[in-house]
Amino acid sequence: MGIIGRSKNTKAERLLPEHIGIIMDGNGRWAKKRGMPRMAGHRAGAQRFRVITRYCNKIGIKYLTVYAFSTENWKRPKEEVDALMGLFFDYLEEALRDFREENIRTRFIGDRSAFSDKIQALMGEAEELSSDKTGLVLNIAMNYGGKPELVTAFRNIAAKISAGEVSPEDIDEQMISDHLYTAGQPEPDLIIRPSGEYRTSNFMVWQSAYSEYVFMDNILWPDFSEKDLEKAIDIYNHRNRRYGGV
Ligand code: IPE
Ligand code: IPE
Ligand code: MG
């Protein structure tokens, strides 16, 4: 293998993405294939999420953003949404117990005001308890949409203009980035979507302008293993990131 990518790394010195995004898709189909209720797929998916998160931390990934619930997912039948809220609650309680020992800093991105007070309290607790961790930064996207994120950013900037704190000429790409949920973080290098859908479904609209996408169509999220993550990182290593250059 010769020169790979703009950093000219060889295969022996594999380049780790600094920030990985994962669109955790295919839970429902996984369950359907087994004649199980969709919720069984969501539960299996939550377990995979824990395994893959720990693995990312172990191999030295700095940022992981997982798409857990989109702003559009409220359209699903009430029973599924209610059951998902139950799963988030259980997961958060469990995470508060387990992740204490892990060197992982948990953050939530998205509009959390739509969640119950109990869930919001657990989100705040999980963030606070892990705020001094120095390993992986884990962004869990819940009630997240890339377009609503931009709308919120533009509103906040507009408010600063009204208050006379900034002028329209001050608006630049950096200012917009600084008003997103991911302010201060690097943009995702690699975004992985299992399940066979070739779309982004409103994930990190601004931040993904130069991300490398790996769509894996032979795997559903509840089956996604450490090996599949490694496969995606290998594919990423064979990409030539040009950023518009030559
Ligand atoms: C992803 O799995 C989880 C959420 C969106 C909450 P899906 O529930 O979308 O699974 P499929 O796409 O129906 O198989
Ligand atoms: C995207 O998956 C959102 C999450 C994985 C949380 P969806 O299953 O909601 O996306 P579409 O509807 O197939 O685009
Ligand atoms: Mg889906």
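Computed from a prediction, not measured in an experiment: that's the story for all the values here. Whatever order the structure lists them in is the order used to number ligands and atoms, beginning at 1. In what follows, every heavy atom counts, from backbone to side chain, and hydrogens, waters and symmetry copies are set aside.
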Would you mind listing which atoms of ligand 2 come within a distance below 4.0 Å of any non-hydrogen atom of [X]?
{"X": "R193", "result": "1 (C), 2 (O), 7 (P), 10 (O), 11 (P), 13 (O)"}
{"X": "F69", "result": "6 (C)"}
{"X": "R76", "result": "7 (P), 8 (O), 9 (O)"}

Query raised in the report: Counting backbone and side chain alike, does E197 bring an N/O/S atom below 2.8 Å of the Mg ion (ligand 3)?
Result: no
Requested in this report: Using a strict 4.0 Å cut-off to heavy atoms of R29, name the atoms of ligand 1 that fall inside it.
Outcome: 11 (P), 12 (O), 14 (O)
Tell me the contacting part of [X] for ligand 1: side chain, backbone, both, or neither, using a 4.0 Å heavy-atom threshold, strictly below.
{"X": "M142", "answer": "neither"}
{"X": "A68", "answer": "backbone"}
{"X": "R38", "answer": "side chain"}
{"X": "M24", "answer": "backbone"}

Side chain of [X], backbone of [Y]: donor and acceptor closer than 3.5 Å?
{"X": "W221", "Y": "G45", "answer": "yes"}
{"X": "Y67", "Y": "S201", "answer": "yes"}
{"X": "N73", "Y": "S70", "answer": "yes"}
{"X": "D189", "Y": "E18", "answer": "yes"}

Protein heavy-atom partner closest to [atom] - residue, atom, separation in Å:
{"atom": "atom 10 (O) of ligand 1", "result": "G28 N, 2.9 Å"}
{"atom": "atom 12 (O) of ligand 2", "result": "R199 NH2, 4.5 Å"}
{"atom": "atom 2 (O) of ligand 1", "result": "N27 N, 3.3 Å"}
{"atom": "atom 9 (O) of ligand 2", "result": "N73 ND2, 2.9 Å"}

Requested in this report: Give the C-alpha distance, both sets of side-chain angles, the deciding distance and a yes or no for salt bridge (Lys or Arg N to Asp or Glu O under 4.0 Å) between R239 and E212.
Outcome: CA-CA 8 Å; R239 298 278 173 87; E212 296 295 330; 3.0 Å; yes
Query raised in the report: Is H42 in contact with ligand 1, taking contact as a heavy-atom separation below 4.0 Å?
Result: yes
Query raised in the report: Do any heavy atoms of G26 fall under 4.0 Å from ligand 1?
Result: yes
Query raised in the report: Can you check side-chain hydrogen bond (donor to acceptor under 3.5 Å, both in side chains) on S195 and R29, steps first, answer last?
Result: CA-CA 8 Å; S195 93; R29 278 163 284 175; 3.2 Å; yes
Requested in this report: For residues D111 and N143, report the shortest heavy-atom separation together with the two atoms involved.
Outcome: O-ND2, 2.7 Å
Query raised in the report: Any N/O of S201 closer than 3.5 Å to an N/O of ligand 2?
Result: yes
Requested in this report: Might you confirm whether atom CD of E128 has over 12 heavy atoms from other residues, nucleotides or ligands at distances under 6.0 Å?
Outcome: no
Query - R34 atom CZ, over 12 foreign heavy atoms within 6.0 Å - result: yes
Query raised in the report: Taking atom types as modelled and ignoring hydrogens, do the side chains of E149 and N202 form a donor-acceptor contact shorter than 3.5 angstrom?
Result: no
**Report entry** E80-H42 side chain donor-acceptor pair, cut-off 3.5 Å
**Finding:** yes
Query raised in the report: D25: which N/O/S atom is nearest the Mg ion (ligand 3)?
Result: OD1
